[in-house]
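Bear in mind the structure is a predicted one, so any value in this text is a computation, not a measurement.
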Amino acid sequence: QGLAGPASMTKLGPQRIHTVRVRGGNKKYRALRLDTGNFSWGSESISRRTRIIDIVYNACNNELVRTKTIVKNAIVVIDAAPFRQWYESHYALPLGHKKNSKLT
């Protein structure tokens with residue numbers, strides 16, 4: 001990273017963002033807590049803003065999983081609803097329903 005400040009260590013929770021003054025008097029936005037993100041479904045080439053539910057795995061550090069710290073390459077569980085809605089409207093097929101189950 002070179003000439004960088006400390007890592008922001010973004011946690012999972014209701015959104016909290018600080019502005020940071022950077023070189024040239026510009027602003028960057030440092031996320032201290034996030035609860036949503038923009039996720040893409042590569043094979044269908046769509047992206048949707050959706051809720052992050054949990055952090056489940058991190059290859060480099062188990063401490064980051066325990067404290068629910070969001071970093072690059074962390075494996076997260078997201079809310080599939082926006083993707084399911086898109087799929088069902090685009091293909092006119094239900095997605096994620098059990099086979100041969102009666103609706104009660």
Side-chain angles (χ1 to χ4, degrees):
Q1 288 202 356
L3 197 80
S8 65
M9 300 301 275
T10 304
K11 299 278 194 286
L12 187 64
Q15 195 171 66
R16 182 187 294 169
I17 291 175
H18 285 181
T19 57
V20 182
R21 187 197 171 276
V22 292
R23 191 179 156 109
N26 295 314
K27 278 184 192 164
K28 277 186 177 178
Y29 298 96
R30 177 158 293 163
L32 303 179
R33 285 189 188 168
L34 286 177
D35 54 358
T36 59
N38 199 34
F39 293 91
S40 65
W41 187 356
S43 60
E44 303 291 341
S45 68
I46 64 154
S47 61
R48 292 286 181 268
R49 188 170 177 81
T50 185
R51 210 161 46 88
I52 305 171
I53 296 168
D54 197 11
I55 287 86
V56 290
Y57 180 74
N58 193 324
C60 66
N61 196 341
N62 275 322
E63 182 73 6
L64 299 180
V65 177
R66 202 175 57 74
T67 57
K68 301 198 185 307
T69 303
I70 304 168
V71 291
K72 190 168 161 181
N73 212 33
I75 308 297
V76 297
V77 176
I78 62 169
D79 179 19
F83 294 101
R84 184 180 288 121
Q85 285 167 355
W86 175 85
Y87 188 94
E88 290 177 354
S89 66
H90 189 265
Y91 292 112
L93 287 169
L95 179 67
H97 297 294
K98 295 277 190 286
K99 298 223 174 11
N100 304 329
S101 66
K102 301 284 186 284
L103 289 170
T104 54

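A donor-acceptor contact shorter than 3.5 Å is absent between the side chain of Ser45 and the backbone of Gly42. Counting only distance, with no hydrogens or angles, the side chain of Thr69 and the backbone of Lys11 share no donor-acceptor pair below 3.5 Å.
Here CG of Leu12 is found 9.5 Å from CZ of Arg33. Values are rounded to the nearest 0.5 Å. Here Ile52 contributes atom CD1 and Lys68 contributes atom NZ; the two are 12.0 Å apart, rounded to the nearest 0.5 Å. Interatomic distance, Ile78 CD1 to Asp54 CG, rounded to the nearest 0.5 Å: 12.5 Å. A distance of 13.0 Å separates CZ in Arg66 from CG in Asn58, rounded to the nearest 0.5 Å.
Counting non-hydrogen atoms of other residues, nucleotides and ligands closer than 6.0 Å to CZ of Arg23 gives a total of 12 or fewer. Around the CG atom of Asn73, the shell of radius 6.0 Å holds no more than 12 heavy atoms that belong to other residues, nucleotides or ligands.
Side chains of Arg16 and Leu34 form no contact here, defined as non-hydrogen atoms less than 4.5 Å apart. Within the 4.5 Å cutoff, side-chain heavy atoms of Phe83 are placed close to those of Ile46. The shortest side-chain heavy-atom distance between Leu32 and Ile17 does not fall under the 4.5 Å cut-off.
Every side-chain contact (heavy atoms from CB on, under 4.5 Å) that Ser8 has, sequence neighbours left out, goes to Thr10, Arg30. With sequence neighbours excluded, the residues forming a side-chain contact (heavy atoms from CB on, under 4.5 Å) with Pro94 are Glu88, His97, listed by chain and number. For Asp35, the side chain to side chain donor-acceptor pair (under 3.5 Å) criterion is met by no residue, not counting sequence neighbours. Residues passing the ring-ring contact (aromatic ring centres under 6.0 Å, His included) test with His18: none are found, sequence neighbours excluded. Take Thr36 and apply the side chain to side chain donor-acceptor pair (under 3.5 Å) test, not counting sequence neighbours, and it matches Arg49.
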- Message: Working note: Thr67 + Met9, criterion side-chain contact (heavy atoms from CB on, under 4.5 Å); need CA distance, chi angles, decisive distance, verdict.
- Response: CA-CA 10 Å; Thr67 57; Met9 300 301 275; over 6 Å; no
- Query: Step by step, would you call Arg48 with Phe39 a side-chain contact (heavy atoms from CB on, under 4.5 Å)?
  - Reply: CA-CA 6 Å; Arg48 292 286 181 268; Phe39 293 91; over 6 Å; no
- Tell me, with the steps shown, if Leu64 and Ile55 meet side-chain contact (heavy atoms from CB on, under 4.5 Å). CA-CA 9 Å; Leu64 299 180; Ile55 287 86; over 6 Å; no
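Cluster partners of Tyr57 are Ile53, Val56, Ile75, Val77, counting Ile, Leu, Val, Met, Phe, Trp and Tyr whose side-chain heavy atoms approach within less than 4.5 Å, directly or via other members.
Aromatic ring orientation, Tyr91 versus Tyr87: tilted (interplanar angle from 30° to 60°).
Cluster membership for Tyr29 and Val20, using ILVMFWY side-chain heavy atoms within less than 4.5 angstrom, is not shared.
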